[in-house]
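Step one of this worksheet: look at the structure below.
Every chain is numbered from 1, with letters handed out A, B, ... down the list of sequences. If you're wondering where the values come from, they're calculated on a predicted model, not measured in any experiment.
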Amino acid sequence: MRYRTHTCGELNEGHVGKMTTLNGWVQKRRDLGGLIFLDVRDRSGIVQVVCNPEHAPEATKIAEKVRSEFVLAIQGQVVSRSEETINKKMKTGAIEIVAEEVEIVNEAKTPPFAVEDDVEVDETTRLKHRYIDLRRPMMQNTLILRHQVMQKVRSFLSEEGFIEVETPMLTKSTPEGARDYLVPSRVHKGEFYALPQSPQIFKQLLMVSGMERYFQIVRCFRDEDLRADRQPEFTQIDIEASFLEPEVFLSMMETMVADLCEETIGHKVSTPFERLTYKEAMNRFGSDRPDLRFDMELVDLSEMVKESGFQVFASTVANGGRVRAINVKGQAGWSRKQVDEWGKIAQQFGAKGLAWLAVKEEGTKGPVAKFLGETEWHDIMKATEAETGDLLFFIADQPKKSAEVLGELRVRLAKHLDLIPKGVFRFAWVTEFPLLAYDEEADRWFAEHHPFTSPMDEDLPLLETDPGSVRAKAYDMVLNGYELGGGSQRIHRREVQEAMFRALGFTMEEAKEEFGFLLDAFEYGAPPHGGVAFGLDRIVMLLAGRSNLRDTIAFPKTASASCLLTDAPSAVEENQLRELHISLRES
RNA sequence: GGAGCUGUGGUGAAGUUGGAGUUCACGCCGGCCUGUCACGCCGGAGGUCGCGGGUUCGAGCCCCGUCAGCUCCGCCA
């Protein structure tokens, strides 16, 4: 066969008169009886080839046998089309290739679905035949975008003096965090490696090693249940730096991400990014990854309703809870059934109930209405900026719960009511995360991020007295309601680390047992350092305007973590198990 | 672990009150067709209605179970 001199998509009027050889797949054959048109596709695009029985009888004869997705080699001349046959919908529509020779390089079975962007096919079929699915231009473009993002990140970070260092895939299982994927050791009977959830400890070790600036585009694994934006194996852009002012570091990361947006999808992003403290994000949006593309902010009514005749409100506030509301503009006309639907959704998120008020011309409707006094009602109207025609939703619960439930409702309502503007990218940093979270079940404090995250200096004394209120030098980059990445400044001073472990209920000796080698390493001169990890898949998903992580990954897993293409996971031979000293249990 | 939705020729759908595997579009196969690009026209083939059980004289349709996919809760940072 002949190999290409040009790609299909690059051809234009500038090539008219030239001989060309193309390789590609048959997108479509149109046989007019005499003339045969072939749309030939490669990664770059589609071009029309015309086979004329008078001009090239041999080639036309072969073209008759051609079917969709056959692989062809075509030799011919680029000619401009006559005015009336120009196809303005095609990038290459002003020209066509007059075939001299057509070679069927490989035949193809009829594909299970058409290789076109807008075909609706069940995802099972797409995943089973992923190699065909990936022929679709949209899928190819997403993978190309992904490649570009990786390229830009690599060049940006290299430019800033970061070194890409690989860290082990076979590593040690750690008790904290997500469930590990385990790999049995053949050599060490009864022992297991874990696949990394992230290279966290290694990148800090590299700081102790004096690498100063490290990054890695690295696969990470977490054996937890999947979501549309969560895969069991995913890719992180992992970054860590020593001797770098946190502010300088954050600004560097902003620039990287803003440049990415502009250089890949041409979307200009202004820096510096908006900043919100965790507290502000929770109070205003009920989320630590707020979607800032629309309003409908949460309003705290606790003070106004603490003496309310509506017992649920009054007693919630009396017990340290909060009463919050959102104003669903212009939806007072909803039926009881519609409102109840949202009550069910609120309950799904753990709310005890959803109180509501519809502000109508004839008066206020809703189960809460009759309990509210005149002043109370006036205050609420003012605080929520409610007008006639608005619908108010209330959640009364513990402070965090009431915010989170309403935050979820806020996002879902906005989607439902189509309030989210398209093509908008609202980046922000969320800062001052809580350092610790209390686990009721275990009856102890856990590190919210990880145990090496530095507390804020001014909160250090609180570590002994009020651990729950200690803020961390931790930050998340958020975009449109998604967490793009998160990081922190790490503890590098021994006395702070000891205070941290005391708060977690460990002695230094116990901590060493748990986190051994990192703490050992820290005793040999750890520099001040901090870093961040971005979710590459999510970045690509958002840049590509997709709502599903699978579309950004060449060979993704289904919701039950299996691969429909390879049929993984699967049973293995008994002798494989024997070598690994494994016997399967009944339950 | 739980909830919801979906499952019908290769693909996407429709399928009435439970009455013959019925229908539509695309695709596929054959024939005709020299300017199509959603080519057109004529003809044809193609089915374990996801799977198993039950109710019934009779099930794509009703009931129970189960599997798979998707979305969500729990889980996960």
Side-chain angles (χ1 to χ4, degrees), chain A residues 27-40 46-55 60 67-69 81-90 92-93 96 98 109-116 118-129 132 176-180 197-198 200 220-232 234 236 288-289 341 344-351 404-405 408 411-412 415 430 433 437 446-450 453 474-478 482-488 532-535 538 547-548 550 557-562 564 567:
Chain A
Q27 180 68 32
K28 186 84 189 176
R29 182 184 65 118
R30 288 180 297 281
D31 185 344
L32 272 59
L35 280 182
I36 296 174
F37 294 97
L38 299 173
D39 288 344
V40 179
I46 293 174
V47 71
Q48 173 168 285
V49 174
V50 57
C51 304
N52 189 320
E54 286 158 16
H55 180 77
T60 309
R67 292 294 181 272
S68 286
E69 300 306 313
R81 299 201 202 175
S82 64
E83 190 63 39
E84 67 278 8
T85 60
I86 287 175
N87 186 343
K88 292 202 173 69
K89 281 179 267 177
M90 282 176 83
T92 60
E96 63 191 0
V98 177
K109 281 162 75 174
T110 304
F113 53 91
V115 179
E116 285 164 9
D118 41 12
V119 283
E120 272 186 39
V121 194
D122 186 76
E123 198 155 353
T124 315
T125 313
R126 288 178 53 200
L127 291 173
K128 200 177 257 170
H129 304 274
I132 294 168
E176 309 251 330
R179 195 177 294 116
D180 284 319
Q197 296 181 22
S198 88
Q200 183 64 39
C220 300
F221 306 85
R222 291 178 191 167
D223 187 4
E224 298 292 348
D225 286 336
L226 290 81
R227 290 288 184 276
D229 65 341
R230 257 169 38 196
Q231 282 274 312
F234 60 100
Q236 276 190 352
D288 58 5
R289 44 181 172 85
E341 283 297 314
K344 274 184 213 151
I345 294 170
Q347 278 174 354
Q348 256 178 31
F349 288 102
E404 283 175 344
V405 174
E408 286 291 348
V411 170
R412 277 156 198 257
K415 280 184 190 148
V430 177
F433 274 79
F446 272 90
E448 185 86 7
H449 194 57
H450 57 73
T453 302
Y475 33 78
D476 279 1
M477 188 188 284
V478 301
Y482 289 91
E483 180 197 328
L484 282 193
S488 66
V532 70
F534 293 101
R538 272 188 204 166
S547 52
N548 189 313
R550 291 185 299 278
K557 303 284 189 288
T558 67
S560 61
S562 45
L564 297 181
D567 202 28

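- Between the side chain of A:Arg538 and the main chain of A:Leu484, no donor-acceptor pair closer than 3.5 Å is present.
- At least one donor-acceptor pair closer than 3.5 Å links the side chain of A:Asn52 to the backbone N or O of A:Glu54.
- For the C1' atoms, the distance from B:A20 to B:C57 is 15 Å, rounded to whole Å.
- Nucleotide B:C61 has no partner under the Watson-Crick or G-U criteria, as no pair reaches both atom distances under 3.5 Å.
- Note on A:Ser560: only backbone sugar-phosphate atoms sit closer than 4.0 angstrom, heavy atoms only; bases stay farther off.
- Between A:Lys88 and B:C37 there is no side-chain N or O to OP1 or OP2 distance below 4.0 Å.
- Distances shorter than 4.0 Å separate none of the side-chain N or O atoms of A:Thr124 from OP1 or OP2 on B:A68.
- Between A:Leu127 and A:Thr558, the shortest heavy-atom distance links the atoms CD1-CG2, 3.9 Å.
- No donor-acceptor pair closer than 3.5 Å links the side chain of A:Glu69 to the backbone N or O of A:Lys109.
- For B:C37, the OP1/OP2 oxygens have no side-chain nitrogen or oxygen of A:Arg29 closer than 4.0 Å.
- Between the side chain of A:Arg230 and the base of B:C76, at least one donor-acceptor pair of N or O atoms lies under 3.5 Å.
- Contact of A:Glu224 with B:G74 (side chain to base): no donor-acceptor pair of N or O atoms is detected under 3.5 Å.
- Donor-acceptor pairing under 3.5 Å, judged by distance alone, is present between the side chain of A:Arg81 and the base of B:C37.
- Phosphate contact (OP1/OP2 of B:G69, side-chain N/O of A:Ser562, threshold under 4.0 Å): present.
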Task: Test side-chain contact (heavy atoms from CB on, under 4.5 Å) applied to A:Val532 and A:Met477, step by step - done: CA-CA 9 Å; A:Val532 70; A:Met477 188 188 284; over 6 Å; no
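- Using a 5.5 Å limit on the distance between ring centres and a 30° limit on the angle between planes, the aromatic ring of A:Phe113 does not count as stacked on the six-membered base ring of B:U11.
- Phosphate contact (OP1/OP2 of B:G10, side-chain N/O of A:Lys109, threshold under 4.0 Å): absent.
- Residue A:Arg67 places at least one side-chain N or O closer than 4.0 Å to OP1 or OP2 of B:C29.
- Across the P atoms, B:U22 and B:G47 are found 13 Å apart, a figure rounded to whole Å.
- Judged by atom type and distance alone, A:Asn87 reaches the base of B:C37 through a side-chain donor-acceptor pair under 3.5 Å.
- Closest approach of A:Asp31 to A:Ile36, counting heavy atoms only: OD1-CG1, 3.6 Å.
- For B:C70, one of the phosphate oxygens OP1 or OP2 lies less than 4.0 angstrom from a side-chain nitrogen or oxygen of A:Arg550.
- Taking only distance into account, the side chain of A:Asp122 never meets the base of B:G12 through a donor-acceptor pair shorter than 3.5 Å.
- At whole-Å resolution of the value, CG in A:Asp31 and C1' in B:G35 are 13 Å apart.
- Base pairing of B:C32: its partner is B:G40, meeting the Watson-Crick or G-U wobble criterion (both donor-acceptor distances under 3.5 Å).
- Side-chain proximity of A:Lys28 to B:U34, B:C33, B:G27: nearest is B:G27.
- Here the nucleotide nearest the side chain of A:Val121, chosen from B:C72, B:C39, B:G12, is B:G12.
- Here, B:G2 and B:G46 have their C1' atoms 41 Å apart, quoted to the whole Å.
- Across the C1' atoms, B:G7 and B:C49 are found 9 Å apart, a figure rounded to whole Å.
- Judged as a side-chain hydrogen bond (donor to acceptor under 3.5 Å, both in side chains), and not counting sequence neighbours, the contacts of A:Ser82 are A:Glu84, A:Thr85.
- Taking only distance into account, the side chain of A:Arg126 never meets the base of B:G69 through a donor-acceptor pair shorter than 3.5 Å.
- Within the 4.0 angstrom heavy-atom criterion, only backbone atoms of the sugar-phosphate kind lie near A:Leu564; the bases stay farther away.
- Distance, A:Glu123 CD to B:G7 P: 16 Å, rounded to whole Å.
- For B:U56 and B:C61, the C1' atoms lie 13 Å apart once the distance is rounded to whole Å.
- Using a 4.0 Å heavy-atom criterion, one finds that A:Glu84 contacts no nucleic acid atom at all.
- Base pairing of B:A45 is not made with any nucleotide, judged by Watson-Crick or G-U wobble geometry with both donor-acceptor distances under 3.5 Å.
- With hydrogens and angles ignored, no donor-acceptor pair under 3.5 angstrom links the side chain of A:Glu120 to the base of B:U11.
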